[in-house]
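The block underneath contains the structure these notes are about, expressed in structure tokens.
Quick note on labels: first sequence line is chain A, next is B, and so on, each numbered from 1. Because the structure is predicted, anything quoted here is derived from the model rather than measured.
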Amino acid sequence: MPEGHTLHRLARLHQRRYGRAPVRVGSPQGRFSDGAALIDGQVLRKADAWGKHLFHHYAGERVVHIHLGLYGTFTEFSTVDIPDPVGQIRMRMVGADYGTDLRGPTRCEVITEAEVPDVVAKLGPDPLRPDADPSRAWNRITKSRKSIGALLMDQSVLAGVGNVYRSELLYRHHIDPLRPGTTISGDEFDAMWTDLVALMKVGVRRGKIIVIRTEDDHGAPAYGPGRPRTYVYRRAGEACRVCDTEVRTTVLEGRNLFWCPTCQT
DNA sequence: GCTAAATGTTGAT
DNA sequence: TCAACCTTTAGCT
């Protein structure tokens, strides 16, 4: 579910479903009642994402700021048959033809347009945004002695990369996750950024993380029905798809990292 | 049917 | 460093 591609996909969907029209907003669970009251019935001007943050811009300078966290989800329903609220629904939006329920977010709050830049200021460049400036990420990485595996997860370095893209990107570029940022060359970074932009666009389009795409990708089998989508993520102890070495795992920055010690040196 | 872990972040200790 | 958030799913029985 939620790495950056998920949020961009949701922004695109919400824009299409609810954009430029009044939306009914409520909080069946109650924890977002005050916020919902501020925007209920207003026009949603635009839905937008930056990294893992989602913004619903309403008329009247109000913005709903959402972060899904680890298990936040949106589920959609048709307004032909509006379901009774089930479980803990933080926010329910109802438009003309579709509605959606938000459950389990880390953050769901109403802020002002003027506060949006404060949120974005804490985030590095987002590979999915056309205006992204990769040199901001490069400047952080090349000056840091922290490992590249840790830096990729830092949202102030790169916005939108999560635990799956981290492991998979490093695998695709034959980079040992424990190498310090200072040892990453400009060419290596440029190649990773370019790849990340392409991989995350696939993620938005397909709604899932697919990093094995063609047969010439490291000799692994091409993606297709029933074919694997990743090289190393959650494959600890299994054979590397390319060299047969056992995939290893360790905890880095509080999350499980996966890599092939032979392919990534 | 039950348990553990999960694509993430925040705030307390 | 760890609990909390509170849902879904994978893997077992």
Would you mind reading off the distance between I66(A) atom CD1 and dT9(B) atom C1', rounded to a whole angstrom? 15 Å

Figure out the CG/P separation between L7(A) and dG8(B), and round it to whole Å. 10 Å

Between the protein and nucleotides 4-6 of chain B, which nitrogen or oxygen pairs are less than 3.5 angstrom apart?
| unit_1 | atom_1 | unit_2 | atom_2 | d |
| --- | --- | --- | --- | --- |
| dA6(B) | OP1 | N256(A) | ND2 | 2.8 |
| dA6(B) | OP2 | N256(A) | ND2 | 3.4 |
| dA6(B) | O3' | Y233(A) | OH | 2.9 |

Does E168(A) reach a base, just sugar-phosphate, or nothing at all? Heavy atoms under 4.0 Å. nothing

Counting the benzene-type ring for Trp, do Y165(A) and H5(A) have ring centres under 6.0 Å apart? yes

Taking any heavy-atom pair under 4.0 Å as a contact, classify R166(A): base, sugar-phosphate, or nothing. nothing

Using a heavy-atom cut-off of 4.0 Å across all strands, would you classify I209(A) as base, sugar-phosphate, or nothing? base

By nearest heavy atom, map P105(A) and T75(A) onto DNA chain C; which one lands nearer the 5' end? P105(A)

Look at the side chain of K52(A) and decide which nucleotide, out of dT7(B), dG8(B), dT7(C), has an atom nearest to it. dG8(B)

Given atom CD of E109(A) and atom P of dC5(C), what is their separation to the nearest angstrom? 18 Å

Out of dT7(C), dT9(B), dG8(B), which has the shortest distance to the side chain of E3(A)? dG8(B)

For a quick check under 3.5 Å, do H56(A) and D48(A) share a side-chain donor-acceptor pair by atom type? no

What integer distance in Å separates E253(A):CD from dT1(C):P? 10 Å

Take atom CZ of R9(A) and atom C1' of dT7(B), then tell me their distance rounded to the nearest Å. 15 Å

Output the rounded distance in Å from CZ (R107(A)) to C1' (dA4(C)). 14 Å

